[in-house]
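Because the structure is a prediction, the values reported are computed rather than measured. Just so you know, residue 1 is the first one in the sequence shown, and it goes up from there.
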Amino acid sequence: MRMWLAILRRDLALLLTGGGRRGGAMLPVLFFLSVAILLPFAIGPDAAMLARTGGGIIWVAALLASILPLDRLVEPDLDQGFFDQWALRGMAEEWTMAARIAAHWLTFAPLLMLAALPAAALFNLPGDQLWRVELGLLAGTPGLAALGVMIAAITAGLRGGAALAGLLLLPLAVPVLIFGAGGLQEQGAGGIALAGAVSLVLLAIAPFAAGAAIRAARE
């Protein structure tokens, strides 16, 4: 457990700073806010239209923002042999990937939920709909984090892996998007619950699939 916590702390620092790459944890948030700022100009000044479409646009922006960190979730550590070292020290790849999923969610989702507050103001969302957006993101973003790490592990080391990872994540994340956006309705508690259920399934599957992908890449 001590070693798992040490890996989690390292992953948190790595993903927050970007591991020497530009952007770090702020890059997805800035992208999310850029979409939220630009789309009201495209939709027009109709406040009712903005409020009607804003929640769905926030969900689409969140999904697109989740693609940006994929290239630094697994591949840099795979290239530098960190997974080999942890395996030699007795840490199974599944536990390593579970730590990576937790770190990815902690450095991605809370910032996105904070950024949803000014985005909701730009779309003139009423308070109750903002509350449903936040609950939906809380339920759905763990699934997006698990899916992102799993796809990053599968595509690590492949030529054009970053672009391929984005193409794979979008269709696989559609159930989270549908149920999360479905939770925006007044009687949308079922949608939020289903988004949470999909997240739980992905959280259960992703460490094993990602761990198997890391072992396959080593061979």
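- Atom-to-atom distance recorded for Leu78:CG and Ile214:CD1 is 5.0 Å, nearest 0.5 angstrom.
- Here the closest non-hydrogen pair linking Leu169 and Ser66 is CD2-OG, 3.8 Å.
- Between Glu134 and Leu138 the shortest side-chain heavy-atom distance does not fall below 4.5 Å.
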- [ ] Determine, stepwise, if the pair Trp105 / Leu144 fulfils side-chain contact (heavy atoms from CB on, under 4.5 Å).
- [x] CA-CA 8 Å; Trp105 185 82; Leu144 293 181; over 6 Å; no
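- Within 6.0 Å of CH2 on Trp95 lie no more than 12 heavy atoms contributed by other residues, nucleotides or ligands.
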- [ ] Please assess Leu70 against Leu73 for the test side-chain contact (heavy atoms from CB on, under 4.5 Å), listing each intermediate value before the final yes or no.
- [x] CA-CA 5 Å; Leu70 292 183; Leu73 287 179; 3.8 Å; yes
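- Both Leu194 and Val176 are members of a single hydrophobic cluster when ILVMFWY side chains are connected at heavy-atom separations under 4.5 Å.
- The line from OG1 of Thr155 to CE of Met150 is 11.0 Å long, rounded to the nearest 0.5 Å.
- Under a 4.0 Å N-O distance rule, the pair Arg215/Glu94 qualifies as a salt bridge.
- Rounding to the nearest 0.5 Å places NE2 of His104 at 9.5 Å from OG1 of Thr141.
- If you chain together hydrophobic residues whose side chains sit under 4.5 Å apart, Leu117 and Trp131 never meet in one group.
- Here the closest non-hydrogen pair linking Pro28 and Pro69 is CG-CG, 3.8 Å.
- Taking every heavy atom of both residues into account, Ala116 and Leu137 meet most closely at CB-CD1, 4.1 Å.
- Separating the OG1 atom in Thr96 from the CG atom in Asp11 is a distance of 8.5 Å, to the nearest 0.5 Å.
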TODO: Give the intermediate values and the outcome of side-chain contact (heavy atoms from CB on, under 4.5 Å) for residues Leu39 and Phe123.
DONE: CA-CA 9 Å; Leu39 280 179; Phe123 285 106; 4.3 Å; yes
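- For the pair Leu14/Asp77, a side-chain contact is recorded, criterion being any heavy-atom separation below 4.5 Å from C-beta on.
- Side-chain contact between Ile151 and Leu164 is absent, with no heavy atoms from C-beta onward closer than 4.5 Å.
- Taking hydrophobic clusters as Ile, Leu, Val, Met, Phe, Trp and Tyr residues chained together by side-chain heavy-atom distances below 4.5 Å, Ile154 shares a cluster with Leu170.
- Taking every heavy atom of both residues into account, Leu202 and Gly143 meet most closely at CD1-O, 3.5 Å.
- For the atom pair Leu64 CG and Leu177 CG, the distance stands at 9.0 Å (nearest 0.5 Å).
- In terms of heavy atoms, Ile58 sits closest to Phe32 at O-CE1, 3.4 Å.
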TODO: List the steps and the verdict of side-chain contact (heavy atoms from CB on, under 4.5 Å) for Val29 and Leu33.
DONE: CA-CA 6 Å; Val29 177; Leu33 287 174; 4.3 Å; yes
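- Of the inter-residue distances, the one linking Thr107 atom OG1 with Leu112 atom CG reads 11.0 Å to the nearest 0.5 angstrom.
- Asn124 and Ala47 make their closest contact through ND2-CB, 3.6 Å (heavy atoms, listed as atom of the first residue, atom of the second, distance).
- Between Phe83 and Trp86, the ring planes lie perpendicular to each other; the angle is over 60°, past the 30° to 60° tilted range.
- In terms of hydrophobic clustering, with Ile, Leu, Val, Met, Phe, Trp and Tyr side chains grouped at heavy-atom distances under 4.5 Å, Leu30 and Leu114 are assigned to different clusters.
- Under a hydrophobic clustering in which Ile, Leu, Val, Met, Phe, Trp and Tyr are joined whenever their side-chain heavy atoms come within less than 4.5 Å, directly or via other members, Met49 and Val35 fall into the same cluster.
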